Amino acid sequence: MASSRQLGGTLEDHLAAFRRGAVELIDERELEKRVRQALADDQPMRIKFGMDPSSPDLHLGHAIPLFKLRDLQALGHHIVLIVGDATAMVGDPSGRSKLRPVLTREQVAANLETYTNQAALVLDLERTEIVRNASWFDGMGFEGILQLTTRMTVAQMIERDTFQERLGAGEPVGINEFLYPLMQGWDSVEVRADVELGGTDQLFNLLVGRRLQEQDSQRPQVIVTTPLVNGLDGRKMSKSYGNAVGLTASAREMTFDLMRLDDESMGVWFLQLTRLPEEQIAELLEGHPRLAKARLAAEISGCFHGAEAAAAAAEAFNREVRDKQLPADIPEVHWDPAFGSTRALANLLKDVGLVQTTSEGRRAVDQGGVRWNAEVQKDPRCEMPEPNEPVLIQVGKKRFTRLLPAAPAES
RNA sequence: GGGGAGGUUCCCGAGCGGUCAAAGGGGUCAGACUGUAAAUCUGAUGGCUCAGCCUUCACAGGUUCGAAUCCUGUUCUCCCCA
């Protein structure tokens, strides 16, 4: 009976799901063979994906493989999500031009929960097997680790481009970093992965998985790499560059951020972060970039927050940014007698929370970026009177606060 | 173990006794332009009770009227030799 089958879709459906937006498939023929077999036996493939809880938040870049996993999950495959609590302590050298600080167990544990919660925004965790790799590494002991290190030579290890670069530039490479690819590879052996997904920067680690599986008489996993998307400013997306869109961002944040994306990146984002058919994407890209981008924002923020919230955010964007209207909700602050010893505008801006420091406030005013009830103020030392009526204070284009008269004394 | 080179402001990187809150670039912020961008142009970019003052140049001491710059020790990184 068809209804009892675990796998849905045709061979082509499966291959298309694996292929969409993939940078590399190692290797394609092997994949096809295994998919055929899986379909014939109605045996879901074990698809591995690892996330290191090394930073507290996931961003849209991380969502790319998650979307692919979701597609595969929908076709009936078995997803094994590895939470790399052991590997996180080592620190992945992938794409790193710097020695990574070693995380403590506490830091890792703190990130762990937020990670799975955020993955759940894309994946159906009910149907996902989640394992922590500390569950096998912790019990491995010195001997086990030592065994693992005998599986590769230094020459093989330093073939890796990031190591090459750092060694060439006279930058430090930690010995612990050599452990990382071995550990990630070992994960594949432990979970008997048929396929592993990862970003293009993971290629080396993924290949180590194949090597270790072969050494342990397992069929080497098929590798699917997904591209790393650039952040909003064109550099690699990263929290520390401040160019990332977080998975937990509100519909408004997502929409506003996505509209800042440069035109050139739209194609990749459409392909990777929406499930629109490729022909439709091509069509959108033919049209006006603004409309295409609006659609992109609607798709992505709709995926996380629902069409309604996405539409509201889009509307807010049009109103506030395109038509330069005031935002719908402006933070309000009551005049407080405790506001600085001086009421000078620069100080007030800080007291009210619009800027971090008085100096920043001073600069903003000097540069003509501060409006007091729509009037540009030029003197940072000008003493502003306690308002009798709400006053709209604006710093730059995006920061607003409404200053209200002092709140009535509490009784 | 021996020898050499280094650790500079958010990042990269100049500075090598005063003229240094410290060149230049990146980022960021503000302004102009725009399609919402991107690119480009302009300016700003330690803090403060701001024509002055205070805190920064790995850390701790020292020399000097005066140190990011010199000396000593500590610590971290890289390179070469063993």
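These numbers come from the heavy atoms of this one structure, side chains and all, not from hydrogens, waters or symmetry mates. In what follows, chains are A, B, ... by sequence order, proteins preceding strands, each numbered from 1. Given the structure is predicted, the values throughout are model-derived calculations rather than measurements.
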Chemist: Is there a donor-acceptor contact under 3.5 Å linking the side chains of A:Thr128 and A:Gln73?
Modeler: yes
Chemist: So that I can tick it off, tell me whether A:Arg399 and A:Glu360 are bridged by a salt bridge, with the cut-off set at under 4.0 angstrom between side-chain N and carboxylate O.
Modeler: yes
Chemist: Name the pairing partner of B:C41, where a pair is Watson-Crick or G-U wobble with both distances under 3.5 Å, or state none.
Modeler: B:G31
Chemist: Nearest to the side chain of A:His288, which nucleotide is it out of B:G35, B:C48, B:A30?
Modeler: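 Selected nucleotide (nearest to the side chain): B:G35.
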Chemist: Which sits closer to the 5' end of RNA chain B, A:Pro289 or A:Lys397, going by the nucleotide each is nearest to?
Modeler: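 It is A:Lys397 whose nearest nucleotide is closer to the 5' end.
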Chemist: Evaluate A:Gln202 against A:Glu196 for side chain to side chain donor-acceptor pair (under 3.5 Å), listing each step before the verdict.
Modeler: CA-CA 10 Å; A:Gln202 296 287 311; A:Glu196 179 166 7; over 6 Å; no
Chemist: Hunt down the Watson-Crick or G-U wobble partner of B:G17, both distances under 3.5 Å, from any strand shown, or write none.
Modeler: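 WC or wobble partner does not exist here.
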Chemist: At under 4.0 Å, does any side-chain N or O of A:Arg363 touch on OP1 or OP2 of B:G47?
Modeler: yes
Chemist: Can you measure A:Asp366 atom CG to B:G31 atom C1' for me and round it to whole angstrom units?
Modeler: 13 Å
Chemist: I need the residues from residues 317-326 of chain A with at least one non-hydrogen atom less than 4.0 Å from RNA chain B; give them sorted by number, or say none.
Modeler: A:Phe317, A:Val321, A:Arg322
Chemist: Return the pairing partner of B:G1 with a 3.5 Å limit on both distances, Watson-Crick or G-U wobble; otherwise return none.
Modeler: B:C81
Chemist: Could you tell me the separation between the CG atom of A:Leu167 and the P atom of B:C79, rounded to a whole number of Å?
Modeler: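 Taking CG of A:Leu167 and P of B:C79, I get 7 Å after rounding.
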Chemist: Of the options B:A37, B:U49, B:G47, whose atoms approach the side-chain atoms of A:Ser359 most closely?
Modeler: B:G47
Chemist: In Watson-Crick or G-U wobble terms, both distances under 3.5 Å, what is the partner of B:G6?
Modeler: B:C76
Chemist: Given atom CG of A:Leu349 and atom P of B:C48, what is their separation to the nearest angstrom?
Modeler: 12 Å
Chemist: Using the P atom on both, measure B:U9 against B:A60 and round to a whole Å.
Modeler: 15 Å
Chemist: Side-chain polar contacts of residues 308-317 of chain A - donor-acceptor pairs under 3.5 angstrom, sequence neighbours left out - could you list them?
Modeler:
none

Chemist: Calculate the interatomic distance between A:Phe400 atom CZ and B:A30 atom P; express it in whole Å.
Modeler: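 Rounding to the nearest Å, CZ of A:Phe400 and P of B:A30 are 11 Å apart.
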Chemist: Once the angle between the rings of A:Phe67 and A:Phe304 is folded into 0 to 90°, is it parallel (under 30°), tilted (30 to 60°) or perpendicular (over 60°)?
Modeler: perpendicular
Chemist: If every non-hydrogen atom of A:His14 is compared with every non-hydrogen atom of A:Leu7, which pair is closest and at what distance?
Modeler: CE1-CD2, 4.3 Å
Chemist: Could you measure between the two C1' atoms, the one in B:U8 and the one in B:A22, and give it in whole Å?
Modeler: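 Between the two C1' atoms, the distance is 9 Å.
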Chemist: In this structure, how many angstroms lie between the C1' atom of B:U77 and the CD atom of A:Glu171, rounded?
Modeler: 10 Å
Chemist: Please list every donor-acceptor pair under 3.5 Å in which a side-chain atom of residues 209-217 of chain A meets a protein atom from a residue at least two apart or in another chain.
Modeler:
| unit_1 | atom_1 | unit_2 | atom_2 | d |
| --- | --- | --- | --- | --- |
| A:Arg210 | NH1 | A:Gln221 | O | 2.8 |
| A:Gln213 | OE1 | A:Gln221 | N | 2.7 |
| A:Gln213 | NE2 | A:Ser188 | O | 3.4 |
| A:Gln213 | NE2 | A:Ala193 | O | 3.0 |
| A:Gln213 | NE2 | A:Gln218 | OE1 | 3.4 |
| A:Gln215 | OE1 | A:Arg151 | NH1 | 2.9 |
| A:Asp216 | OD1 | A:Arg151 | NH1 | 2.8 |
| A:Asp216 | OD1 | A:Arg151 | NH2 | 2.8 |

Chemist: State whether A:Thr358 places a side-chain N or O below 4.0 Å from either non-bridging phosphate oxygen (OP1 or OP2) of B:U49.
Modeler: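 True: A:Thr358 side-chain N/O within range (under 4.0 Å) of B:U49 OP1/OP2.
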Chemist: B:A44 P sits how many Å from A:Gln367 CD, rounded?
Modeler: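 It is 8 Å, rounded to the nearest whole Å.
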Chemist: Would you mind pulling out the nucleotide paired to B:U49, Watson-Crick or G-U wobble, both distances under 3.5 Å?
Modeler: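 Because no pair has both required distances under 3.5 Å, B:U49 counts as unpaired.
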Chemist: If you compare every side-chain N and O of A:Arg166 against the phosphate oxygens of B:C78 (OP1, OP2), does one of them come in below 4.0 Å?
Modeler: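 For B:C78, neither OP1 nor OP2 has a side-chain N or O of A:Arg166 closer than 4.0 Å.
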Chemist: Considering only atom C1', compute the distance from B:C12 to B:G7 and round it to an integer number of Å.
Modeler: 14 Å
Chemist: Give a yes-or-no answer on whether the side chains of A:Thr10 and A:Asp13 include a donor-acceptor pair shorter than 3.5 Å.
Modeler: yes
Chemist: Given atom CG of A:Leu261 and atom P of B:G35, what is their separation to the nearest angstrom?
Modeler: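 Rounded to whole Å, this separation is 18 Å.
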Chemist: Side chain of A:Asp263 only, heavy atoms from C-beta on: which candidate in B:C48, B:A37, B:U45 is closest?
Modeler: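 Output: B:A37.
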Chemist: If each of A:Arg371 and A:Thr357 is mapped to the nucleotide of RNA chain B with the nearest heavy atom, which maps nearer the 5' terminus, i.e. the 5' end?
Modeler: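 Per heavy-atom nearest nucleotide, the more 5' residue is A:Arg371.
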Chemist: Rounding to an integer number of Å, can you tell me how far A:Arg260 CZ sits from B:G35 C1'?
Modeler: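 A:Arg260 atom CZ is separated from B:G35 atom C1' by 16 Å.
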